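Owing to the predicted nature of the structure, the values given are computational and were not obtained by experimental measurement.
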Amino acid sequence: MEFTESGLSFHFEDDRCYRIENAQGAIGVGEGIKKAEFLYIDAGNNLWVLEAKTTIANERKSKEEFDAQLQAIYEKLYNSLQLAVLGLAGRYQAVNEELPVEFKTADWSGLTIQLVLVIPEIPTLQLPVFSDKLRKKFSPWFLKVWNIKEANIQVLNRDIAQRKALCQ
């Protein structure tokens, strides 16, 4: 499976990647449900929930716009994880039917969940600040019940995403 989003090229095995944003089953769940670009299970037992944005608002110029965009990104990551798991649980049969083989056969208790925003051209020096802002959107309760480490909520640029084999 090959596709392009926000100026980034992605290439994954079909049975490891679920393009939830464009999936008919996920769209059918309801209007207005924000979804990330895709979920991907890599060979290292990581479940990547990835959103890609070309740019993000400048917080200094428009705090309201920045906060709104960050909230939307949070909702996309949160909702996409929930929808995939609810599909696996049979709560949304249309999602269940679309999920790739690897999602249905993986040991979900052993997956390391990675919630990632990729902004291709963001300077590396800004990544820790943006990552911290995104991490603060997720409640401690959510992180605890899903067993997600704060360090696994990240904002990446193209170079780092390529090093993690998330894009080309």
Side-chain angles (χ1 to χ4, degrees), residues 5-6 8 10 12 16-23 25-53 55-57 59 63-96 98-100 102-119 122 126-157 160-161 164-167:
E5 290 287 343
S6 300
L8 297 164
F10 299 97
F12 301 111
R16 292 183 167 275
C17 184
Y18 179 47
R19 291 194 63 197
I20 193 166
E21 184 177 53
N22 300 323
I27 291 168
V29 170
E31 205 171 301
I33 306 287
K34 294 178 175 98
K35 295 171 288 301
E37 313 299 347
F38 63 86
L39 292 89
Y40 165 63
I41 298 176
D42 69 18
N45 238 17
N46 289 290
L47 170 67
W48 298 90
V49 182
L50 190 140
E51 172 65 9
K53 300 289 282 180
T55 62
I56 193 164
E59 186 176 21
K63 183 159 175 35
E64 285 180 11
E65 185 179 356
F66 176 82
D67 289 343
Q69 287 181 351
L70 199 61
Q71 179 64 28
I73 292 161
Y74 156 76
E75 289 175 24
K76 288 178 176 195
L77 296 171
Y78 178 92
N79 292 348
S80 297
L81 179 60
Q82 300 276 11
L83 280 173
V85 172
L86 290 170
L88 285 167
R91 303 298 291 185
Y92 291 107
Q93 193 58 37
V95 172
N96 180 285
E98 293 176 334
L99 287 169
E102 187 65 29
F103 283 72
K104 294 177 180 181
T105 59
D107 174 9
W108 279 70
S109 67
L111 291 176
T112 300
I113 298 170
Q114 309 275 351
L115 305 173
V116 175
L117 167 64
V118 180
I119 307 171
I122 190 170
Q126 292 181 0
L127 295 175
V129 172
F130 279 94
S131 292
D132 285 343
K133 290 180 185 298
L134 182 58
R135 287 175 185 133
K136 288 180 179 158
K137 300 301 280 179
F138 291 89
S139 73
W141 177 85
F142 174 83
L143 299 177
K144 183 175 182 175
V145 298
W146 283 93
N147 193 23
I148 300 172
K149 295 181 176 131
E150 278 192 359
N152 294 348
I153 302 171
Q154 309 169 62
V155 178
L156 309 175
N157 59 21
I160 295 173
K164 292 181 180 285
L166 295 173
C167 67

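In this structure, CG on L134 lies 11.5 Å from NZ on K136, to the nearest 0.5 angstrom. If you take CD on Q114 and OH on Y40, they are separated by 12.0 Å, rounding to the nearest 0.5 Å. Here the CD1 atom belonging to I148 is positioned 4.5 Å from the CG atom belonging to L115, to the nearest 0.5 angstrom.
The main-chain N or O of N46 is never found under 3.5 Å from a side-chain atom of T112 such that the two would form a donor-acceptor pair. Proximity of a side-chain donor or acceptor of K137 to a complementary backbone N or O of A72 within less than 3.5 Å is not detected. In this structure a side-chain-to-backbone donor-acceptor pair under 3.5 Å is present from R16 to D42. Of the possible donor and acceptor atoms, none in the side chain of E65 sits under 3.5 Å from a partner among the backbone N and O of A57. Side chain of N79 to backbone of I33: no donor-acceptor contact under 3.5 angstrom is found.
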- Task: Please step through side chain to side chain contact (heavy atoms under 4.5 Å, CB included) for the pair F38 and F12, ending with a clear verdict.
- Result: CA-CA 11 Å; F38 63 86; F12 301 111; 3.6 Å; yes
- Task: Check the pair F138, Y74 against ring-ring contact (aromatic ring centres under 6.0 Å, His included), reporting the backbone distance first and the verdict last.
- Result: CA-CA 7 Å; F138 291 89; Y74 156 76; 4.8 Å; yes
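Using a 4.5 Å heavy-atom cutoff, the side chains of N96 and K104 are in contact. The shortest distance between side-chain heavy atoms of V155 and I56 does not fall below 4.5 Å. You'll find the side chain of L39 reaches within 4.5 Å of the side chain of F103, heavy atoms only. Residues E59 and K133 form a side-chain contact, since some pair of their non-hydrogen atoms from C-beta on lies under 4.5 Å apart. Side-chain contact between L50 and F10 is present, with at least one heavy-atom pair separated by less than 4.5 Å. A 4.5 Å side-chain heavy-atom check between N152 and I113 finds every atom pair outside the cut-off.
Considering V49, N22, L77, I27 as possible partners of K35, the one that fulfils the side chain to side chain contact (heavy atoms under 4.5 Å, CB included) test is I27.
Residues L166 and L156 come closest through the heavy atom pair CD1-CD1, 3.9 Å. Smallest separation of non-hydrogen atoms from S6 and A52: OG-O, 3.1 Å. Of all heavy-atom pairs spanning E98 and A23, the tightest one is OE1-CB, 3.1 Å. Heavy atoms only, all atoms of each residue included: L99 and A84 are closest at CD1-O, 3.7 Å. Heavy atoms only, all atoms of each residue included: L83 and V95 are closest at O-CG1, 3.7 Å.
More than 12 heavy atoms of other residues, nucleotides or ligands shown are found within 6.0 angstrom of CD on Q93. Counted within 6.0 Å of NZ on K149, heavy atoms from surrounding residues, nucleotides or ligands total 12 or fewer; the atom is thus considered open. Around the OH atom of Y92, the shell of radius 6.0 Å holds no more than 12 heavy atoms that belong to other residues, nucleotides or ligands. In the displayed structure, N147 atom CG is contacted under 6.0 Å by at most 12 heavy atoms of other residues, nucleotides or ligands.
Between E5 and R19 there is a salt bridge, since at least one side-chain N of the basic residue sits less than 4.0 Å from a carboxylate O of the acidic one.
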